[in-house]
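Note on naming: letters A, B, ... go to the chains in the order of the sequence lines (proteins, then strands), and numbering restarts at 1 for each one. Computed over heavy atoms, backbone and side chain alike; hydrogens, waters and symmetry mates excluded.
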Amino acid sequence: MTLTSETVPVQGAPADALRKALTSQIRPSRPNPLTAVRVSAWRTMRKMKHYGVAVVFDVTLMPIIFLLTFTYLFGGAFAGSTKEYLQYFLPGVLVQTVVMPTVYTGTSLNMDITRGIYDRFRTLPFWQPATIVGNLLGDVVRYVLALTTTMSVGLALGFRPDGGAGGVLAAMLLLLLFAVSVSWIFAALGVVAKAPETVSGTSMLVMFPLVFTSNIFVEPDTMPGWMEAIVDVNPVSAAATAARGLVHGNASGADIGWVLLACGVITVVFAPLTMYLYRAKSRD
Amino acid sequence: MSSQSTLAIETSGLVKNFGETRAVDGVDLAIPQGVVYGVLGPNGAGKTTTIRMLSTLLTPDGGTARVLGHDVVKEAEAVRSRVSLTGQFASIDEDLTATENLTLLARLLGFSRAQAAERSEELLEAFELTDAAGRQSKTFSGGMRRRLDIAASLVITPDLLFLDEPTTGLDPRSRGQVWDSVRAMVALGTTILLTTQYLDEADQLADRIAVIDRGKVIAEGTTGELKSSVGTGALHVRLVKAEARPEASQLLAQALAAPVFQESDPFALSVRTDETERVARALAELARSEIAVSDFAFGRPSLDEVFLALTGHPAEDSTATQEDAA
């Protein structure tokens with residue numbers, strides 16, 4: 001054999017460092033589930049930080065385009081004046097703002113699974129669902145950024161919340177809860193999909209009817225009965241109604257109750273389903 | 001540390017099917033601790049599937065496997081706590097920096113924040129990534145990514161490390177760095193099972209090798225054993241002058257007591273032999289008769305030849321690394 005390679009015996013600093021690194025005998029006990037969730041959420045937030053302003057741009061571009069076109073194109077026709085329409089429409093856009101980026105939870109979960117880091121996670125001793133839960137919670141930062149941006153643009157355009165700052169805050173909190181619940185749907189999709197593109201592609205099939213067959217844009221009074229029935233049961237309508245009520249200071253307990261119920265039902269169905277699918281996946 | 005008498009890996013009749021395909025078809029292995037063990041085979045031979053079963057990522061469909069004395073199915077947790085896997089495709093988060101990747105894993109393993117920071121720094125230094133610590137790993141070269149991936153497998157020093165094709169697609173320099181780390185790790189007591197389709201890699205690193213083809217182990221032993229199972233070694237001589245070949249041929253035939261082959265290259269001669277001392281004397285004879293030799297090589301057959309002899313087909317994708325093989 002005359003095989004040669006460029007290997008030279010390692011010496012000096014790297015060899016010593018390697019020796020030091022390899023003789024470490026730290027064997028900590030497994031982290032508790034809460035720590036694991038916190039660490040996973042930290043990871044999601046670090047990733048967002050690396051993306052920088054692109055994150056905000058990504059999630060608020062669409063809602064702002066909707067806000068501007070609907071208000072100035074159809075506002076007068078829908079509600080008599082653009083200013084009047086904005087008071088009705090803005091809380092709806094807030095719902096759209098938080099619901100649209102819930103897809104990210106699914107795509108980033110799917111990316112973990114299809115790109116290999118999932119294999120690494122699976123061999124670690126922590127509570128496995130922590131990666132999913134952490135991902136969901138880390139995404140709350142995204143929703144907060146999106147909500148604040150859309151709200152600021154709304155205020156600049158002349159939106160005036162009768163419920164004051166307290167009402168706006170309450171509406172945002174409710175919508176955050178709603179977004180986290182909806183993101184379980186996409187988390188489930190993220191686990192079963194073969195590729196991240198499948199998640200974002202399929203998501204439009206869910207997102208489009210969910211957002212448009214709602215009362216985000218117009219009051220359902222003028223719709224045909226069957227459509228009105230669909231709009232009424234759509235949880236997005238419930239969220240929009242409650243958000244509208246909270247920002248204008250006239251939400252009823254029932255309005256809020258419906259949203260909480262929707263959040264509960266979605267979470268109870270999709271959270272365990274996601275966990276089940278995730279575990280099933282690990283058994284190949 | 002468990003006693004050295006416990007085998008690092010012991011499998012019997014290991015089987016894995018994917019639909020109709022039998023990816024692993026009755027693999028038996030007995031690998032002692034403290035060695036580098038090479039699993040050599042072409043693409044699709046079942047190397048990765050075997051390694052994934054041994055690291056508990058896949059459940060076997062048949063047979064048994066014990067890793068460091070623990071059953072991979074019934075005692076998966078115990079296996080996981082002592083082994084680590086560096087897969088064929090980097091299992092790191094490309095959006096995160098090198099430091100963030102290592103910190104994340106350390107925290108998920110139960111390190112405190114301070115411990116995690118310290119450990120990341122230690123590992124980055126060990127794998128010469130300190131300068132790139134704050135860069136997103138998607139900007140890394142293939143070699144750096146691979147090193148980070150190996151570092152990520154060592155957050156807790158494993159007793160057994162699986163390396164699945166650790167140098168596939170790397171440039172020679174990065175390859176050398178990975179080899180150095182492997183040698184250092186085994187010197188410090190970690191058992192390493194590596195899969196490779198590069199014959200010279202197995203030759204350079206592994207104490208023992210299993211040759212695997214179509215899901216079956218078709219040969220097992222030290223590189224030396226495998227080579228001698230195929231045949232004897234050979235002396236190859238290349239002369240400065242082609243005219244000197246008949247005389248050289250006669251001298252070599254006498255000195256080695258073996259037939260001399262005139263190769264198609266008019267300057268080259270070869271003799272099949274295993275006798276090192278006679279070879280040395282034969283070369284001295286040539287010098288004494290003032291026959292100038294431009295180069296010579298003496299060795300047993302290359303693993304390339306071994307592979308060909310065992311499987312009946314050459315190892316795929318290995319041509320690029322084999323241009324100097326005898």
With a 4.5 angstrom heavy-atom cut-off, could you sort out which part of A:Arg43 is near chain B: side chain, backbone, both or neither?
both

With a 3.5 Å distance limit and no angle check, can you tell me whether B:Thr139 reaches the backbone of B:Arg135 through a side-chain donor-acceptor pair?
no

With distance as the sole test, does B:Thr196 use its side chain to make a donor-acceptor pair with the main-chain N or O of B:Tyr198 at under 3.5 Å?
yes

A:Phe121 and A:Tyr278 aromatic centres sub-6.0 Å:
no

Side chains of A:Leu176 and A:Leu147: does their closest heavy-atom pair fall under 4.5 Å?
yes

Taking atom types as modelled, is there a side-chain donor on A:Thr150 or A:Thr60 under 3.5 Å from an acceptor on the other?
no

Below 4.5 Å from any heavy atom of chain A, which atoms of [X] appear? Answer side chain, backbone, both or neither.
X	value
B:Ala106	neither
B:Gln115	side chain
B:Thr97	both
B:Ser55	backbone
B:Gln136	side chain

Pick from [options] with the largest number of heavy-atom pairs that fall under 4.5 Å of chain A:
options	value
B:Leu154, B:Thr190, B:Leu105, B:Leu85	B:Leu105
B:Thr86, B:Leu123, B:Leu96, B:Val83	B:Leu96
B:Val155, B:Leu109, B:Leu108, B:Thr157	B:Leu108
B:Ser153, B:Gly87, B:Ser84	B:Ser153
B:Glu122, B:Arg107, B:Glu100	B:Glu100

According to side chain to side chain donor-acceptor pair (under 3.5 Å), who are the partners of B:Ser270, at least two apart in sequence or on a separate chain?
B:Glu263

For A:Thr123, check side chain to side chain donor-acceptor pair (under 3.5 Å) against everything at least two apart and list the hits.
none

Whether B:Asp164 and B:Arg52 form a salt bridge (side-chain N of Lys/Arg under 4.0 Å from carboxylate O of Asp/Glu) is what I want to check.
no

Greatest number of heavy atom pairs closer than 4.5 Å to chain B - which of A:Tyr51, A:Trp127, A:Phe126
A:Phe126

